[in-house]
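Each remark here refers to the structure printed beneath this line.
Within every chain, numbering begins at 1; the chains are lettered A, B, ... in the order of the sequence lines, protein sequences first and strands thereafter.
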Amino acid sequence: GQQLNQSPQSMFIQEGEDVSMNCTSSSIFNTWLWYKQEPGEGPVLLIALYKAGELTSNGRLTAQFGITRKDSFLNISASIPSDVGIYFCAGPTLGTYKYIFGTGTRLKVLA
Amino acid sequence: NAGVTQTPKFRILKIGQSMTLQCTQDMNHNYMYWYRQDPGMGLKLIYYSVGAGITDKGEVPNGYNVSRSTTEDFPLRLELAAPSQTSVYFCASSYDSDTQYFGPGTRLTVL
């Protein structure tokens, strides 16, 4: 089946640093979604991308829809302690409502 | 608005027992989803529904059943529980399929 591979698997960074993570697939996606999950809770949608090459921002977060439609990137600028969590990319298999979630990038911010 | 509510929060089952995980949303969303999340992993789609009376299989439907008799409720039934079904189960709802609002999860252990 389809898989979304995320890298890095985990990151330890200092508060104030910028963060970059990516998500790749062997198949094309028409929609890329980035979710954040905090401990003991369900994921929360951060950014949705709908067009190849699209760059979208949400505060300190910026995400890009790769030109090949097989990848996406999420950047967090000037990280703060509340950025701690697991970041998942996700998207629906082409032509369906079946959503695939990536393996996750675990972010820890050291104050 | 309560959003998406799930009951119970925790449950321990013996092998072979059955149970129903409840999910209710008060946002009048047509799309609803059931995911499972194994420790340290991403979410895997079990079943989804695009509206009352319509359900379809996701990536990992074996051992589970669902029904959607109303817009608000989307219960997940486990028949003959097995240790492999030990996981955290998340229900989600959406108005546009992409922006999914997740419940707090049900932590299930099968012994």
Side-chain angles (χ1 to χ4, degrees), chain A residues 1-10 21-25 27 29-51 54 56 58 63 65 72 74 85-108, chain B residues 2-7 9-10 21 23-25 27 29-51 54-62 66 68 74 76 87-107:
Chain A
Q2 281 186 299
Q3 283 190 317
L4 294 178
N5 298 307
Q6 291 187 243
S7 64
Q9 282 189 331
S10 60
M21 60 188 78
N22 70 4
C23 180
T24 60
S25 170
S27 306
F29 279 78
N30 283 335
T31 299
W32 284 96
L33 307 166
W34 283 93
Y35 281 85
K36 177 189 177 187
Q37 184 179 30
E38 297 187 9
E41 298 184 6
V44 174
L45 182 67
L46 299 173
I47 290 181
L49 300 157
Y50 296 103
K51 187 176 176 183
E54 179 182 10
T56 297
N58 179 8
F65 192 141
S72 178
L74 176 69
I86 306 175
Y87 292 79
F88 291 103
C89 60
T93 307
L94 278 185
T96 77
Y97 295 107
K98 297 183 180 181
Y99 285 76
I100 308 292
F101 275 71
T103 48
T105 292
R106 287 152 184 75
L107 178 64
K108 294 203 174 178
Chain B
V4 179
T5 57
Q6 293 183 238
T7 57
K9 284 186 168 38
F10 303 92
L21 282 68
C23 175
T24 300
Q25 53 95 5
M27 298 174 280
H29 288 166
N30 282 325
Y31 301 92
M32 294 190 75
Y33 307 84
W34 273 107
Y35 295 90
R36 60 175 287 173
Q37 184 176 31
D38 297 336
M41 305 293 285
L43 286 77
K44 291 191 181 296
L45 182 65
I46 305 171
Y47 270 95
Y48 68 98
S49 169
V50 299
I54 306 169
T55 62
D56 205 349
K57 295 178 181 178
E59 187 181 356
V60 290
N62 290 344
V66 293
R68 184 95 182 271
F74 190 38
L76 177 72
S87 192
V88 180
Y89 291 84
F90 287 102
C91 177
S93 74
S94 175
Y95 59 90
D96 66 356
S97 78
D98 290 332
T99 312
Q100 296 182 23
Y101 295 86
F102 284 80
T106 293
R107 282 147 187 78

Report which part of [X] has an atom under 4.5 Å of a heavy atom belonging to chain A: side chain, backbone, both, or neither.
X: B/Val88; result: neither
X: B/Tyr101; result: neither
X: B/Lys57; result: backbone
X: B/Gln37; result: side chain

What is the distance from atom OH of A/Tyr99 to atom OH of B/Tyr48, rounded to the nearest 0.5 Å?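 So the gap between those two atoms works out to 10.0 Å.
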Among A/Gln6, A/Lys98, A/Glu41, who wins on heavy-atom pairs under 4.5 Å with chain B? A/Lys98
Sort out for me which of A/Pro43, A/Gly91, A/Pro92, A/Gly42 touches chain B most, counting heavy-atom pairs under 4.5 Å.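 Looking at each option in turn, the highest pair count goes to A/Pro43.
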Mind listing the closest non-hydrogen atom pair of B/Phe90 and A/Gln37 along with its distance?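 Between these two residues, the closest heavy atoms are CZ-NE2, 3.5 Å.
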Do the side chain of A/Tyr35 and the main chain of B/Gln100 share a donor and acceptor less than 3.5 angstrom apart?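 Checking the backbone N and O of B/Gln100 against the side chain of A/Tyr35, a donor-acceptor pair under 3.5 Å is found.
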Report yes or no: do B/Asp98 and A/Tyr50 form a side-chain donor-acceptor pair below 3.5 Å?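 Per modelled atom types, B/Asp98 and A/Tyr50 side chains form a pair under 3.5 Å.
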Which portion of A/Ile100 sits near chain B, non-hydrogen atoms under 4.5 angstrom: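 Contact with chain B: side chain only.
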Decide if atom CD of A/Gln9 counts as having more than 12 heavy atoms of other residues, nucleotides or ligands within a radius under 6.0 Å. no
Between B/Gly105, B/Ser97, B/Gly58, who has the most heavy-atom pairs with chain A when the cutoff is under 4.5 Å?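 Greatest number of close heavy-atom pairs with chain A: B/Ser97.
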